[in-house]
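What follows is one structure encoded as structure tokens, with my remarks underneath.
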Amino acid sequence: MSQDCIRKLQTATREKLRKLNSLRGREVQPGDFWDVVVLTAADRSQKTSYELQIREKTDRKELPLGVHYKVFSDPPGPKIGNGGSTLYALQQLNDIYGNALSSLRVILIHAGGFSQRLPSASALGKIFMAFPLGDPVYQMLELKLAMYVDFPSQMKPGVLVTCADDIELYSISEEQSVRFDKPGFTALAHPSPLLVGTTHGVFVLDPREKPSHSEMETTSCLRFLHKPSVKKMRDSGAVCKRQNGPVSVSDAEFVYTDSTYYFDFDTARSLLNLLKELGPLDCEIDAYGDFLQALGSKATIDYTSNTANVTKEESSLVEIRQKIFHLLKGTPLNVILLNNSKFYHIGTTSEYLFHLTEDAALRTELGLLSSAFSLQTSDSSGCCVMYSVLDPSVSVGAGSVVEFSRLGEGASVGSGSIVSGCWVGPGLSVPDGAFMHSLCVDHQDQIRFVTVFFGINDNLKRSVDAPAYMDELELCGLGLAQCLSRWEIKNEALRFSGDASCCNLWNACLFPVCSDQLNSFSASLQMLQAVLSGSTSPLPKDTKLMSMQECLQSKNLEEMLMLRKGLHTEITQRRVSS
């Protein structure tokens with residue numbers, strides 16, 4: 001990117017943050033903001049969790065007021081994907097608002113799922129992940145609302161669909177505005193290298209519409225490709241050649257990739273009719289691949305039988321895709337090319353650490369801090385500390401994130417680690433590359449604490465068919481059977497929660513249940529250090545062990561939020577007194 005493009009992006013981003021900040025904690029006027037903000041949740045437990053957090057946020061005046069904040073959970077049963085969640089959310093909006101829905105501007109944020117690649121966001125949700133900026137500290141929800149703060153006033157009634165784990169930054173010239181006022185679908189598009197296109201959706205633009213080479217232009221789209229190969233992009237005419245103008249990629253060739261899209265209320269009605277026709281869903285529908293691939297004058301039905309990108313293939317999927325195709329075929333797909341824009345995905349531990357501690361571009365664009373809403377006097381350059389109380393003698397290594405935690409005298413955190421929701425006792429040392437996260441759980445009718453630990457790069461989703469193959473699973477680079485031997489646990493004593501034919505680090509019952517937060521962290525740290533040092537650290541007799549999966553099923557959200565409230569009170573009071 002040229003220095004001029006970078007400067008414009010920074011200025012535009014800071015202005016959006018300023019605008020949202022001016023709306024936080026005050027009643028917004030009709031037309032100034034969204035009428036309804038919808039979060040989707042995976043199940044009823046997650047729905048309750050999200051509603052509780054939104055209530056706390058509005059009570060603390062961290063969100064604009066006078067807005068309808070709604071949380072809709074997927075129905076019990078099979079996973080239905082974000083496409084299925086979109087359909088059910090529309091149905092619930094229709095049930096609540098009826099005919100009035102056709103006059104509302106709605107943002108629909110897909111926030112369901114259990115964040116297995118970023119477990120510190122599992123209990124409370126990725127949409128409530130903290131960022132080191134703002135006072136009170138921003139969470140992903142505020143960041144999403146800030147980046148789209150200009151949209152409602154430029155939008156006909158309809159629905160804007162987005163996801164909870166990405167951020168889109170963009171700049172446009174003063175005389176331009178991002179308008180959602182056309183029938184059908186209107187999608188935002190970002191210039192991206194061809195390799196990025198292979199993991200995203202890619203737009204094939206109409207070559208007859210000559211580009212204006214401005215920061216923003218609106219054009220029509222012939223078809224949408226979902227995670228295509230480079231050959232497919234070339235054969236379909238999706239590859240663009242770089243010319244003069246503010247395009248935020250330096251590659252000579254690039255493609256336009258997807259992020260967020262809007263549809264008007266006529267289209268919403270069509271989608272509601274689709275749900276009636278389909279009946280109860282029994283397979284995953286993709287809100288991008290399955291909806292957008294049906295759009296545009298060159299769309300073909302071929303994609304409906306391509307299940308290469310599907311996690312679990314159900315027999316009904318192809319038939320449902322074909323129904324979607326026939327229902328949406330002929331619906332316009334307009335594309336807003338945001339030529340000076342950036343797309344950031346923050347859905348994994350490594351992405352999270354990089355963007356919050358190392359990524360100089362994002363730090364400058366958002367104004368990210370090394371220490372946000374924390375009590376800390378030691379040098380914190382190169383790391384990120386949020387919403388935490390640290391003794392002045394504490395050291396935190398470069399590339400590490402500490403959030404919602406307390407660290408006692410002489411404690412330390414190595415480099416490239418995540419410490420979330422923990423109480424680290426005096427003198428304790430968190431190793432390099434460690435993930436440690438304390439959760440509050442209800443266990444045998446009592447409030448207890450569990451601290452889960454993994455290596456930053458551990459694959460929590462990788463599964464084996466039976467406990468006999470557990471050594472194919474690696475914890476901190478060591479086979480699971482070897483880890484058990486260091487804790488003097490027999491292989492046959494290890495329990496996996498949930499489906500016995502699917503054994504992974506997520507459902508392995510490895511983590512001790514303790515009576516308080518301080519001892520919970522200490523017990524798990526001893527286990528982790530034994531794995532890394534090759535020493536043995538036998539567990540006390542009759543120690544109860546839980547999996548991450550079980551922790552989420554029995555989490556005590558009210559207690560976790562009370563702990564955060566305690567941190568909030570202490571930080572606020574001590575800042576005032578100092």
Side-chain angles (χ1 to χ4, degrees), residues 33-58 63-64 66-115 121-129 139-142 144-145 148 152 157-166 260-265 267-288 290-291 320 324 552 555 557:
F33 198 66
W34 303 99
D35 301 306
V36 189
V37 174
V38 175
L39 304 184
T40 63
D43 55 27
R44 287 193 173 277
S45 165
Q46 198 169 60
K47 176 180 189 285
T48 304
S49 150
Y50 289 2
E51 287 172 335
L52 187 57
Q53 289 177 88
I54 285 173
R55 192 157 62 244
E56 293 233 332
K57 291 178 81 61
T58 51
L63 291 171
V67 178
H68 293 196
Y69 293 98
K70 301 288 182 189
V71 184
F72 299 139
S73 67
D74 291 348
K79 282 187 178 181
I80 57 172
N82 53 15
S85 297
T86 301
L87 297 178
Y88 276 111
L90 287 175
Q91 184 184 61
Q92 291 177 83
L93 285 168
N94 194 52
D95 291 345
I96 295 166
Y97 295 104
N99 291 334
L101 187 58
S102 62
S103 64
L104 301 177
R105 292 161 183 83
V106 178
I107 181 169
L108 172 59
I109 306 174
H110 286 300
F114 296 108
S115 189
S122 294
L124 297 165
K126 274 189 278 201
I127 194 64
F128 297 103
M129 187 164 55
Q139 290 177 314
M140 181 60 99
L141 178 57
E142 290 96 287
K144 297 292 287 188
L145 295 176
Y148 307 145
V159 180
L160 188 83
V161 176
T162 187
C163 292
D165 58 3
D166 56 56
T260 292
Y261 65 80
Y262 156 91
F263 52 82
D264 65 352
F265 266 104
T267 306
R269 272 190 282 270
S270 297
L271 291 170
L272 280 168
N273 290 333
L274 171 68
L275 186 58
K276 278 183 195 160
E277 188 182 332
L278 295 177
L281 298 175
D282 62 358
C283 65
E284 292 188 53
I285 300 173
D286 192 299
Y288 294 84
D290 292 335
F291 291 169
I320 286 175
I324 294 170
L552 293 183
K555 67 178 185 268
L557 197 77

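Note: hydrogens, waters and symmetry copies are ignored here, and every other heavy atom, side chains too, is used.
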Q: Decide side chain to side chain contact (heavy atoms under 4.5 Å, CB included) for I127 and Q139; before the verdict, give the C-alpha distance in whole Å, the side-chain angles of both, and the deciding distance to 0.1 Å.
A: CA-CA 7 Å; I127 194 64; Q139 290 177 314; over 6 Å; no
Q. Heavy atoms, side chains only, cut-off 4.5 Å: are D282 and I320 in contact?
A. yes
Q.
Looking at every non-hydrogen atom in both residues, tell me the closest pair between K70 and V36 and how far apart they are.
A. CG-CG1, 3.9 Å
Considering only distance and modelled atom types, tabulate donor-acceptor pairs under 3.5 Å from the side chains of residues 87-99, sequence neighbours left out.
from : atom 1 : to  : atom 2 : distance (Å)
Q92  : NE2    : Y88 : O      : 3.4
Y97  : OH     : H68 : ND1    : 2.6

Q) Atom CG in L39, atom CD1 in I107: separation rounded to 0.5 Å? A) 9.5 Å
Q: Start with the C-alpha gap between V161 and F291, add the side-chain angles, then the distance that decides, and say whether side chain to side chain contact (heavy atoms under 4.5 Å, CB included) holds.
A: CA-CA 12 Å; V161 176; F291 291 169; over 6 Å; no
Q) Does D264 use its side chain to pair, donor to acceptor, with the backbone of G158 at less than 3.5 Å? A) no
Q: Indicate yes or no for a side-chain donor-acceptor contact from T48 to the backbone of R44 under 3.5 Å, with no hydrogens or angles considered.
A: yes
Q) Should I109 and L141 count as side-chain neighbours, where that means a heavy-atom distance under 4.5 Å? A) yes
Under 3.5 Å, which donor-acceptor pairs link side chains of residues 268-277 to any protein atom two or more places apart or in another chain?
from : atom 1 : to   : atom 2 : distance (Å)
R269 : NH2    : D266 : OD1    : 2.8
S270 : OG     : D266 : O      : 3.3
N273 : ND2    : R269 : O      : 3.4

Q: Without swapping roles, check the side chain of K144 against the backbone of C163 for a donor-acceptor pair under 3.5 Å.
A: yes
Q: Measure from the side-chain N and O atoms of S122 to the backbone N and O of F114, and report whether any donor-acceptor pair falls under 3.5 Å.
A: yes
Q. With sequence neighbours left out, what residues match R55 under side chain to side chain contact (heavy atoms under 4.5 Å, CB included)?
A. L52, D59
Q. Under 3.5 Å, is there a donor-acceptor pair between the side chain of Q46 and the main chain of S73?
A. no
Q.
Return the CG to CZ distance between L108 and F72, rounded to the nearest 0.5 Å.
A. 9.0 Å
Q. How many angstroms lie between atom OH of Y148 and atom CH2 of W34, to the nearest 0.5 angstrom?
A. 9.0 Å
Q) Minimum heavy-atom separation for A42 to G113, with atom names? A) CB-N, 3.5 Å
**Q.** Sub-4.5 Å side-chain heavy-atom contact between K57 and F128
**A.** yes
Q. What pair of heavy atoms forms the shortest contact from L63 to E142, and how long is it?
A. CD2-CG, 3.9 Å
Q.
What I'd like to find out is whether the side chain of H110 reaches to under 4.5 Å of the side chain of T86, using heavy atoms alone.
A. yes
Q. Do the side chains of V159 and F265 get nearer than 4.5 Å, heavy atoms only?
A. yes
Q) Does A111 offer a backbone N or O that forms a donor-acceptor pair with the side chain of T40 under 3.5 Å? A) yes
**Q.** Over all atoms of both residues, closest heavy-atom pair of R105 and D35
**A.** N-OD2, 2.7 Å
Q | Residue pair D165 / K126: nearest heavy atoms and the distance that separates them | A | OD2-NZ, 3.3 Å
Q.
Within this structure, what is the CG-OG distance for the pair L552 and S45, rounded to the nearest 0.5 Å?
A. 8.0 Å
Q.
Treating N82 as the side-chain partner and S85 as the backbone partner, does any N or O pair qualify as donor plus acceptor under 3.5 Å?
A. no
Q.
Using a 3.5 Å distance criterion without hydrogens, assess whether the side chain of Q53 forms a donor-acceptor pair with backbone atoms of L124.
A. yes
Q | Side-chain touch I80/P75, heavy atoms, less than 4.5 angstrom | A | yes
